[in-house]
Amino acid sequence: MLSRYKTMNQTIAGALPPDAISLSEEKQAMLAAIVASSDDAIISKTTKGIITTWNPAAERMFGYIEAEAIGRSIMMIVPPDRQAEEVYIIGQILQGRKIEHFETLRTTKDGRQIPVSVTVSPILNKNGVIIGASKIARDISDRHLAREKQAILAAIVSSSDDIIISKTLQGIITSWNKAAEKIFAYTEAEAVGQHISLIIPPDRLSEEDFIIGQIANGRKVDHFETIRRGKNGQDVHLSVTVSPVVDEQGKIIGASKVARDISSARHAAENKGLLTAISNTSDDTIVSKTLEGIITSWNQAAEKMFGYSEEEALGQHISLIIPPERIEEETYIISEVSSGNKVDHFQTVRKAKDGRMVQISLSVSPILDDNGKIIGASKIARDISDHLRLQEEKAQLYDEIKALNDKKDEFIGMASHELKTPLTSIQAYLQILNNDMPEERRKDFLRRTGQQVKKLNQLVSDLLDISKIEAGKLQINPEPFDICTVVRDAIELITYTSPTHTVRFQTDLNDLLVLGDSQRIEQVILNLLTNAIRYAPSSKDIDVYLSEESGLVKVGVRDRGIGIPENKLTEIFSRFYRIAENKNTSGLGLGLYLARQIIERHHGRIWAESKPGEGSVFYFTLPIEIN
Ligand code: ADP
């Protein structure tokens, strides 16, 4: 160092023009030392630009050693496109002016260009004549870089969508970017210099103390979710990250705050939560899938409907629940949804995990992303098995009602016919009776008229009974009566009105008391006897049995007529039922129905046994009155 210092000293002394101001030796030595140890390049040159001194910093900065530089033109380190600058500088110098902190570029020996800050001063001789220039050049690469960096940072800060604010430890805002302007509606000019409480809702002021406390201790505050208030009083949900700002010495001088507006994210999150909640409480199945058919959501109703858990379904292809023969439906649905259309109330069948087929009504809508692009489909399915079953039941009920109605129409037709027949006969007999005729014939017509009146009477009372039954008003007046007498009376009556048939009464009993309505029971017996005569035209023998069996009285009426097919033995007791083959015999299909109603009201039972072609036996039982 010492030798270098000496060299420098000599160099300076030697290099200066002979007529330069002569300094005291001591001063010269000091100056030389300064020049030698300076971090700045210190160069002197003549007014013609010839380098006359070149210090160690110049050697380091430009790569030329002193020996290489001295005597050469200063243009050696001036980039070709900046040589005009040099001419200008020399011009200034020649006019005795100083150039200060002139930032420019210089070229190094290895061709690099370095940013320098140059201060050029004239060198005067003792007569005040300018004989050269001294040039102090400072390498400002670092500063340059820093500035570049700063410019980049500034651009980033300015263009960031995040709010970036800096403030002092006292909370005074020192910077305020565009996003902050946009979100809080305060301009940079309005915000900078204000206290940060400008945007803190009063009830959250303590947060700031906490944040500043953290920062003062060198700690960062990360993703702190809070609310700040804009100029118009609007609350903004923010996620805030606050970091200490340190100076070059590492001292904390403030805080930088990066905040992100999460209002919409919160909204989205809230919405998502809400949607999940709705989706899960919905009775309808809600499923979403990508356009490729991959299931992306599966609610609880879907789990219930199809038996697959959410875990099992997510990520699977939707064909999981589509019966193979219906897979084309999916192609249709996806093509509709891809075109932005909705598929509404599409009735189809899907397959559950256990193979069960579920009848559903589907509504499928496109799912759009933030940019409105269709990215999938949401599917709402409703189980319509019940609905369809109900519809089926309704249809069935409708059919039944229709059948009943048809039957009723048929019955009215039949009833009118049945009522009209005896009336027509009566009318005819009365006309005949109006004529003169022998007494014998007249009596016969009177008897026939009486028979038709009886028939008419029977029909009308049957119809009345039916309507009473329908209205639940069929009267039964129970009294103890002797069943043997009632049977005998009925046989007597029938024998009298139908002398064509022989009715035999077979019983071991003389009398037997039962509790019931004797007239109604007689009505039943008469009905059975009448049927026995009507449905046995070619056989004359009818037997009536009466016996007592284990607390019951059993009455039977046997004919040897056409008989009843086995599969009709029960049906004949229903209302309006008539065996189709027997329709040539007049009747309304009411007699046996009435008989059953009466017997059942007496807690008894009625039934028929028969062999087609051989005849039938009708039985009924009644509980015996215990004395
Ligand atoms: P109907 O007025 O038609 O005789 P019923 O209720 O008395 O009405 O009888 C219902 C049907 O049962 C009859 O239409 C007939 O076909 C059948 N039936 C009733 N009694 C007999 C019987 N003794 N022999 C054969 N068929 C009978």
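Start at 1 and go down the list; that is how both ligands and their atoms are numbered.
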Flag, side chain of [X] to backbone of [Y], donor-acceptor distance under 3.5 Å:
{"X": "Gln597", "Y": "Ile466", "answer": "no"}
{"X": "His501", "Y": "Ala536", "answer": "yes"}
{"X": "His602", "Y": "Ile598", "answer": "yes"}
{"X": "Gln506", "Y": "Tyr545", "answer": "no"}

Judged by modelled atom types alone, do [X] and [Y] share a side-chain donor-acceptor pair under 3.5 Å?
{"X": "Asp383", "Y": "Ser385", "value": "yes"}
{"X": "Arg520", "Y": "Gln523", "value": "yes"}
{"X": "Thr502", "Y": "Arg504", "value": "no"}

Any N or O of Ser586 closer than 3.5 Å to N or O of ligand 1: no
Under 4.0 Å to a heavy atom of [X] - the qualifying atoms of ligand 1, by number:
{"X": "Ser616", "result": "24 (N)"}
{"X": "Leu588", "result": "2 (O)"}
{"X": "Gly587", "result": "2 (O)"}
{"X": "Tyr577", "result": "10 (C), 11 (C)"}
{"X": "Gly563", "result": "25 (C)"}

Is ligand 1 under 4.0 Å from a heavy atom in the side chain of [X], in the backbone, in both, or in neither?
{"X": "Leu590", "value": "backbone"}
{"X": "Lys568", "value": "neither"}
{"X": "Asn582", "value": "side chain"}
{"X": "Thr585", "value": "neither"}
{"X": "Leu592", "value": "both"}

Checking a contact table here: which protein heavy atom is nearest [atom], and how many Å away?
{"atom": "atom 17 (C) of ligand 1", "answer": "Ile572 CG2, 4.0 Å"}
{"atom": "atom 8 (O) of ligand 1", "answer": "Gly589 CA, 3.2 Å"}
{"atom": "atom 26 (N) of ligand 1", "answer": "Ile564 CG1, 3.4 Å"}
{"atom": "atom 3 (O) of ligand 1", "answer": "Arg578 NE, 2.5 Å"}
{"atom": "atom 4 (O) of ligand 1", "answer": "Tyr535 OH, 2.7 Å"}
{"atom": "atom 19 (C) of ligand 1", "answer": "Asn531 ND2, 3.5 Å"}

Geometric class of the Trp298/Tyr308 ring pair [parallel <30°, tilted 30-60°, perpendicular >60°]: perpendicular
Ile318 side chain reached by Val287 side chain, heavy atoms, under 4.5 Å: yes
Minimal non-hydrogen separation, Leu456 against Pro422, with atom names: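 For Leu456 versus Pro422, the nearest heavy atoms are CD1-CG, 3.5 Å.
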Residues Glu392, Arg389: salt bridge by 4.0 Å N-O rule: no
From Val617, Asp559, Ile542 - option closest to atom 23 (N) of ligand 1 by heavy atom: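 Ranked by closest heavy atom to atom 23 (N) of ligand 1, first place is Asp559.
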With sequence neighbours excluded, residues passing ring pair (Phe, Tyr, Trp, His ring centres under 6.0 Å) with Phe445: Tyr429
contact_flag Glu581 ligand 1 heavy-atom lt 4.0 Å: no
Heavy-atom gap Phe618 to ligand 1 smaller than 4.0 Å: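 Per 4.0 Å heavy-atom rule, Phe618 contacts ligand 1.
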